Amino acid sequence: MVTLTIDGVEVKAPAGSTVLEAAKLAGIRIPTLCYLKGINEIGACRICVVDVGARSLQAACVYPVSEGLKVVTNSPKVREARKVTLELILSNHERTCLTCVRSGNCELQQLANELNVGEIRFDGERTDLPVDDLSPSVVRDPNKCVLCRRCISVCNNVQSVAAIGTAERGFKTVIASPFNMALKDTPCVNCGQCINVCPVGALREKSSIEKVWDALANPDLHVVVQTAPAVRVAIGEEFGLPIGTRCTGKMVAALKRLGFDKVFDTDTGADLTIMEEGNELIQRIKNGGKLPMITSCSPGWIKFCEHNYPDLLDNLSTCKSPQNMFGALLKSYYAEKMGIDPSKIFVVSVMPCTAKKFEIQRPELASTGYPDVDVSITTRELARMIKEAGIDFVNLPDEEFDDPMGEASGAGVIFGATGGVMEAALRTVVDKLTGRDNDNIEYKEVRGEEGIKVAEVTLPDGMTIRAAVAHGLGNARKLLDQVRNGEAQYHFIEIMACPGGCVNGGGQPIQPARVRNTIDIRTERAKGLYSEDEAMTIRKSHKNPRIQKIYEEFLGEPGSHKAHELLHTHYYA
Ligand code: HC1
Ligand code: SF4
């Protein structure tokens, strides 16, 4: 520990910590803009400057503490320096705050307020560059960019994709793709992590709200909606509820009030995925198929694999994602059961994910002759629709998903957290391989935020299933390099593109840095999913009576010809 003084207060801070961290220990809040703990600690914006008695003011987020250091965080000189910096940023910021998607949740707006900026003294030249809205998932507006570089850090260092970086210098500095290509023409995987860390409205999802309103207003269409596991534990944040609050019943009630003909649960699709994927794994193990088998439900991960590990495409499970399995079933089994022409069924998915917008456009994901899913919106877009419709979300009663597709197991629920697909699969695979209804169903080794997690399950016949889980594409890269080099041998690997899994997907409510720097939002939301699973009586996919019925009435067996036609897919190098 070292002892220093901040604003006259003696503070003990761990050696190696920064002035920003030490100030926090002393209860002193230093304003920041570019700083994002663990992701972007580069001292770029200089909003956090403090006086350490040196010739110039120093950025607190990167300045190390030292024994006897004297820091002043609040003096006329410091306040003026911060204000000038902020006014210079604002002078080149497109100030369309009233209509900006981040209005009310903009860190720049909040900072202007906190630093008491009443006027902008330096009006001058403005950046005027085209908006890139060609990607199916992400819209980039350089005119709102504050050059904090959080998006670059998350894309390069966390996701290891490097689709964006800085170009030009001085006033012309811009965040851009290589050769200024449209994002859609780069290796961008549409994960949307850059959106979640953007402090302003320079990055946002490509909105599909109007398409949903149009479908809902079309009397010729039967409009059904499916909601992903992770949406229920995050949507409440958009209405002021604590992070991780379970809002399943309120979410269903809101969707019914928006006018959807049926409200279904993607978790049922997740149960179906486990049936197919579990069967595929058992077949591969028994018949000497390609191992390790790798999960295929995260579309950002699939695109990453296609770009970076084409040699591992045969390792991917051929299973479609739960979203698409469920969509295909709605336009076949459900259409038949309800006597509705599949051309009249319009499937909307609500996902915590921006890459799902890309996934639904993949031409091979249309096994009924119609796209499995017609429109995919994010958790944020659903919240906007609920607000636009004037629905009082917080005071809604809890309502149930609709029959005949609404039932799901706890295994389907936990899909939304990293390790959840693996745990759900093990619950079924171990039962199938042992021929027993095993009670031990919680695989805690694969839960939590460790970047790469490993589990070994030894069966009574002596066979050991070796499993690994990676979340965030940087971790996936590390794990896959081990697999590629023969350094690690597994039967089954789960990969989710987003750090923390879908609970932290690129379409989830955006929590500002002041929250993300203090709370692990991934853990809080995951807790909500695990508690929902715990409260359920059916916690294994193969025990879900709805799933059993679908196989009995329609699909036959997992891996059947019909199941293959509707529920499986292929990939492109
Ligand atoms: Fe996911 Fe999945 S868990 S990919 O994260 O396999 O988006 O929540 O819907 O499809 O079920 C997302 C979440 C989601 C699929 C499922
Ligand atoms: Fe990078 Fe993901 Fe953003 Fe694409 S969507 S630029 S891959 S962070």
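All values derive from a computational prediction rather than experimental measurement. Order of listing sets the numbers, starting from 1, for every ligand and every atom in it.
- Using a cutoff of 4.0 Å between basic side-chain nitrogens and carboxylate oxygens, Arg546 and Asp265 are not scored as salt-bridged.
- Looking at ligand 1, you won't find any N or O of Cys297 less than 3.5 Å from one of its N or O atoms.
- If you number the atoms of ligand 1 from 1 as listed, the ones under 4.0 Å from a heavy atom of Pro322 come out as 6 (O), 10 (O), 11 (O), 15 (C), 16 (C).
- For atom 7 (S) of ligand 2, the candidate residues are Thr186, Val189, Ile164; the nearest heavy-atom contact is made by Val189.
- Heavy atoms of Asp267 come nearer than 4.0 angstrom to ligand 1 in no pair at all.
- For ligand 1, the polar-atom distance check against Gln323 finds a nitrogen or oxygen pair separated by under 3.5 Å.
- Side chain of Asn504 to backbone of Arg522: no donor-acceptor contact under 3.5 angstrom is found.
- Among the backbone and side-chain atoms of Cys191, none of the N, O or S atoms lies under 2.8 Å from atom 3 (Fe) of ligand 2.
- Distances below 4.0 Å separate heavy atoms of Cys353 from the following atoms of ligand 1: 7 (O).
- For Met351, every heavy-atom contact with ligand 1 shorter than 4.0 Å involves the side chain, none the backbone.
- Under a 4.0 Å N-O distance rule, the pair Asp374/Lys211 does not qualify as a salt bridge.
- Distance from atom 5 (S) of ligand 2 to its nearest protein heavy atom, with residue and atom name: Gly192 N, 3.2 Å.
- Glu407 has no carboxylate O lying under 4.0 Å from a charged side-chain N of Lys549, or vice versa, which leaves the two without a salt bridge.
- Lys453 places a side-chain N or O within 3.5 Å of a backbone atom of Gly448 that can act as its donor or acceptor partner.
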